[in-house]
Amino acid sequence: MPRYWLMKSEPDAYSWDDLEAAGEGVWDGVRNHAAKNNLAAMEVGDQAFFYHSNIGREIVGIMEVSEAGLLDPTDKEGKWAAVRVIPRTKLPATVTLKSIKAADDELGEMQLVKQSRLSVSEVTKHEWSKILSMAGI
DNA sequence: GCCAACGTTGGC
DNA sequence: GCCAACGTTGGC
């Protein structure tokens, strides 16, 4: 059973289009322990939303973990984690933070909402399905 | 070991 | 541009 995640990036630094253009990417640079623990828990085949923070504030696509348990190549000490991801699906309709908050009874408990600074968070299967339906999938 | 000061993230 | 939330650092 794959698990579901949500990973944030500021699109002016690294966007969905950048990932699609490259065909794959290594999700590194995370320097927060809760986020790192989530990265370290990922397994090949897990699915993750790509969320644009700051600019857009919306989920734009779905990626899949293609290689798990990597060490962060930007960390010389080797204590931070990373995963390799490939882009899977660009959402037909983006799902904004605003619309997620507006669906509060179903999505109000999302870590994205509760812990807005966490850059890598887990998404429940129910939340995942709900967001897919909001995205027109 | 506590806590104030400070830095960063990210929504508004 | 502001500020709340949160993490880290350093003095005591």
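Letters A, B, ... are given to chains in the order of the sequence lines, protein chains preceding strands, and every chain is numbered from 1.
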Problem - DNA chain C contacts made by residues 32-41 of chain A, counting heavy atoms under 4.0 Å - result: A/Asn32, A/His33
How close or far is atom [atom2] of [N] from atom [atom1] of [X], stated in whole angstroms?
{"X": "A/Gln111", "N": "B/dG10", "atom1": "CD", "atom2": "C1'", "answer": "16 Å"}
{"X": "A/Ile55", "N": "B/dT9", "atom1": "CD1", "atom2": "P", "answer": "14 Å"}
{"X": "A/Arg31", "N": "C/dT9", "atom1": "CZ", "atom2": "P", "answer": "13 Å"}
{"X": "A/Glu58", "N": "B/dG11", "atom1": "CD", "atom2": "P", "answer": "11 Å"}
{"X": "A/Leu97", "N": "B/dG11", "atom1": "CG", "atom2": "P", "answer": "6 Å"}
{"X": "A/Leu118", "N": "B/dG11", "atom1": "CG", "atom2": "P", "answer": "12 Å"}
{"X": "A/Leu6", "N": "B/dG10", "atom1": "CG", "atom2": "P", "answer": "11 Å"}

Exercise for the section: Looking at every strand, decide which applies to A/Lys98 at a 4.0 Å heavy-atom threshold: base, sugar-phosphate, or nothing. Expected result: nothing
Fill in the blank from the handout: Contacts of A/Ser116 and A/Asn54 projected onto DNA chain C by closest heavy atom; the upstream (5') one is A/Asn54
Exercise for the section: State whether A/Tyr51 places a side-chain N or O below 4.0 Å from either non-bridging phosphate oxygen (OP1 or OP2) of B/dT9. Expected result: no
When you compare the protein's N or O atoms with those of nucleotides 4-8 of chain B, which come within less than 3.5 Å of each other, and at what distance?
from  : atom 1 : to       : atom 2 : distance (Å)
B/dT8 : O2     : A/Arg117 : NH2    : 3.3

Spell out, as yes or no, whether a donor-acceptor pair under 3.5 Å connects the side chain of [X] to the backbone of [Y].
{"X": "A/His52", "Y": "A/Asp12", "answer": "no"}
{"X": "A/Glu106", "Y": "A/Ala103", "answer": "no"}
{"X": "A/Asp28", "Y": "A/Asp72", "answer": "no"}
{"X": "A/Glu24", "Y": "A/Val85", "answer": "no"}
{"X": "A/Ser121", "Y": "A/Leu118", "answer": "no"}

Side-chain heavy atoms under 4.5 Å apart, restricted to Ile/Leu/Val/Met/Phe/Trp/Tyr: what other residues fall into the cluster of [X], or is it alone?
{"X": "A/Leu71", "answer": "none"}
{"X": "A/Ile55", "answer": "none"}
{"X": "A/Val113", "answer": "A/Tyr4, A/Leu6, A/Phe49, A/Tyr51, A/Ile59, A/Ile62, A/Leu91, A/Val95, A/Leu97, A/Ile100, A/Leu107, A/Met110, A/Leu112, A/Val123, A/Trp128, A/Ile131, A/Leu132, A/Met134, A/Ile137"}

Practice task
Give DNA chain B the dot-bracket treatment, 5' to 3': Watson-Crick (N1-N3 with N6-O4 or O6-N4) or G-U (N1-O2, O6-N3) under 3.5 Å, [ ] crossing, | other strand.
Solution key: ||||||||||||
Exercise for the section: Applying salt bridge (Lys or Arg N to Asp or Glu O under 4.0 Å), run through A/Glu20 and A/Lys90 and close with a yes or a no. Expected result: CA-CA 9 Å; A/Glu20 254 193 352; A/Lys90 184 172 186 170; 5.1 Å; no
Exercise for the section: Could you give me the CA-CA distance, side-chain angles and deciding distance for A/Trp5 and A/Asn38, then say whether side-chain hydrogen bond (donor to acceptor under 3.5 Å, both in side chains) is met? Expected result: CA-CA 8 Å; A/Trp5 308 93; A/Asn38 285 334; over 6 Å; no
Exercise for the section: With the side chain counted from C-beta on, respond yes when A/Glu122 and A/Arg3 share a heavy-atom pair under 4.5 Å apart, and no when they do not. Expected result: yes
